[in-house]
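In what follows, a single structure is set out as structure tokens and then discussed.
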Number of protein chains: 2
Amino acid sequence: MTAIFPTPAADEDQRLLSPDELEAALRDIGARRYHNLHPFHRLLHDGKLNKDQVRAWALNRYYYQAMIPVKDAAVLARMQDAQLRRIWRQRIVDHDGDAPGDGGIERWLKLAEGVGFSRDYVLSTKGILSATKFSVEAYVHFVAEKPLLEAIASSLTEMFSPTIISERVAGMLKNYDFITKDTLAYFEKRLTQAPRDADFALEYVKQHATTPELQRKAMAALTFKCTVLWTQLDALYFAYVAPGMVPPEAWQPGEGLVAEKTTAPAGGKHGPFVGSDVPRLPRGVRLRFDDVREKHVLLAPERTFDLDDNAVAVLKLVDGKRSVGDIAGELAANYAADRSLIEADIGTMLAELAQKRVLER
Amino acid sequence: MTAIFPTPAADEDQRLLSPDELEAALRDIGARRYHNLHPFHRLLHDGKLNKDQVRAWALNRYYYQAMIPVKDAAVLARMQDAQLRRIWRQRIVDHDGDAPGDGGIERWLKLAEGVGFSRDYVLSTKGILSATKFSVEAYVHFVAEKPLLEAIASSLTEMFSPTIISERVAGMLKNYDFITKDTLAYFEKRLTQAPRDADFALEYVKQHATTPELQRKAMAALTFKCTVLWTQLDALYFAYVAPGMVPPEAWQPGEGLVAEKTTAPAGGKHGPFVGSDVPRLPRGVRLRFDDVREKHVLLAPERTFDLDDNAVAVLKLVDGKRSVGDIAGELAANYAADRSLIEADIGTMLAELAQKRVLER
């Protein structure tokens, strides 16, 4: 019987795969680990996300898109061969375009604007999850630090992107009334660019991974890249789906959007505060008494604002409940002054603080 | 009235803070952003986590501990001044110790072993969340790439660590019967080391942040470091608390532990499989038909195993439900062979696959 069930030839020492076997093994990594399998994408494509969750995805994914040419430049910087560089540089051209307003990053900005973001807010990268930044930066560092074969192999997730793109475009157009074909223009271009890029990278890897060890490293590089994509969706899910714990300073629904006229408050988003506006301190901003200097200051993340006594008197009454009218009323009583004059002064002062982003209405 | 409510002196252009004001501003960042405020830590300290959740914390935090001397070496490599280096190098000595078995990393390994992990599993860093790795690596890259002042300022979270350590040690000893004072020896040392390190770094920052811009950057560096810590807890919470979505290849409860004798299966964790054992393929391992070579192979992440016909016949019946006895019974019927002989052969073959980590019981 021992002859019937001998030890299989399996071994820790990987044998050399043929190029086709290597391709099959790489495709298998995609079949198991590509982010089309992530629950967040299933929700996105099936129309199960609300508009703010789609916005969170568009905003965070912008950071990834914006860093792709930086990543590709890091790969390019390691290529000793002009012919190789001529081919690879096309990726940078695709993303950056030939002029302002052109290219893949620009098309992603259009997508973010299409779901309601102000362009400047997206460009500032302020509300991006730190986990997104750390994942993307891990990718950039990976291609800068690993051997060229691994840097190229890590790009091979593009082999799998046509499937997810078709799924996504069809699903999003069908399920979200705020998504239009124009908004998704980014993906149309990628449907031809990604396979061209992936074909080249795959041939390169099949040709240059000539030992079992190099083949193992190429596979590990692709797995790593799948992880870079997966981890970004984990963070999105955590912050905006369940448990919905948005980390400090990450985007909160409502922030960074182009004002929708129907929901604008009485005094508008800009201009002086009026009596019915309810001022409040934004997250992270605090009125604090400075023991050393014996005066009040407004503490914002990485900034401190000196305040005069009048501003302190007003800010002490700012609690997110009192309206400007309420505050003016209380101060008018305390100072025996004219309420409507105080209200106008407060309105201007608060608008100036709001412009410095240490006050909201 | 305008004189009563003039524009406050607040301005985007930060004025120069006195050293004491700068310290107050840095401490305020800690008061708002240090990870003692994270819900995961509140659960940990209040005894609200189960043993596997505490294990996940210990395992992931090991990666951070293990990289601290690498981080400090990167800082050291940027110091031009011998006196500065003499002081900073003590951090590396503290973590690495003077001999194997000594130092902070070793004490953290003891903590991980104390909650049940096998030392080798922890050292392999296999089950660490990618989000943990990306956060920690972002920290290492930060200190390697930013000006020295910012690299040093990013270490200032140690100003806040004595509080969290006291809270943690008291809370964990009180709330978890599997935690002993010995297990937490790491923290006792840190109670004296951290304040010494923090005092030095704080003085350095107060002395060298001599412009508003440098002060702003020092504050931003500390905020960044708070984010590095916070993001790690977000990922732990996501994977092991709620929604409890463990990413592919991250640690799953039960993995990497020293076998507890009371729960060992019939045949033990090692040795041949016996009739009552139920074999199954670990996550990520698949039996696959290779079209090119027209034969079955076992595909594991980054490895492929050739199989002979007998192994294929057995593995086709491995479904996580059938026991070795069941499989032997079916094969004995098909091959008209002796069931007990087949069972013994299968038992040995499966044990060999298990040793290669492509099979579990």
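Below, chains carry the letters A, B, ... as their sequence lines are ordered, and counting in each starts from 1.
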With no hydrogens and no angle check, is any side-chain donor or acceptor of A:H35 less than 3.5 Å from a backbone partner on A:H41? no
Output yes when a side-chain donor or acceptor of B:D234 lies under 3.5 Å from a complementary backbone atom of A:A235, and no otherwise. no
Side chain, backbone, both or neither: which part of A:E23 has an atom under 4.5 Å from a heavy atom of chain B? neither
Using 30° and 60° as the class boundaries, would you call the ring planes of A:Y240 and A:W251 parallel, tilted or perpendicular? tilted
Considering only heavy atoms and a distance below 4.5 Å, find which of A:E137, A:Q232, A:M245 pairs most often with chain B. A:M245
Given that the side chain runs from C-beta out, which part of B:V228 has a heavy atom under 4.5 Å from chain A: side chain, backbone, both or neither? both
Determine the interplanar angle of the B:Y139 and B:F224 rings, folded into 0 to 90°, and report it as parallel if under 30°, tilted if 30 to 60°, perpendicular if over 60°. tilted
Of the backbone (N, CA, C, O) and the side chain (C-beta and beyond), which part of A:S135 lies under 4.5 Å from a heavy atom of chain B, both, or neither? both
Exam field: side chain B:Q215 to backbone B:L17, donor-acceptor pair closer than 3.5 Å: yes
One option among A:C226, A:A138, A:P243 has the most heavy-atom pairs under 4.5 Å with chain B, and it is A:P243
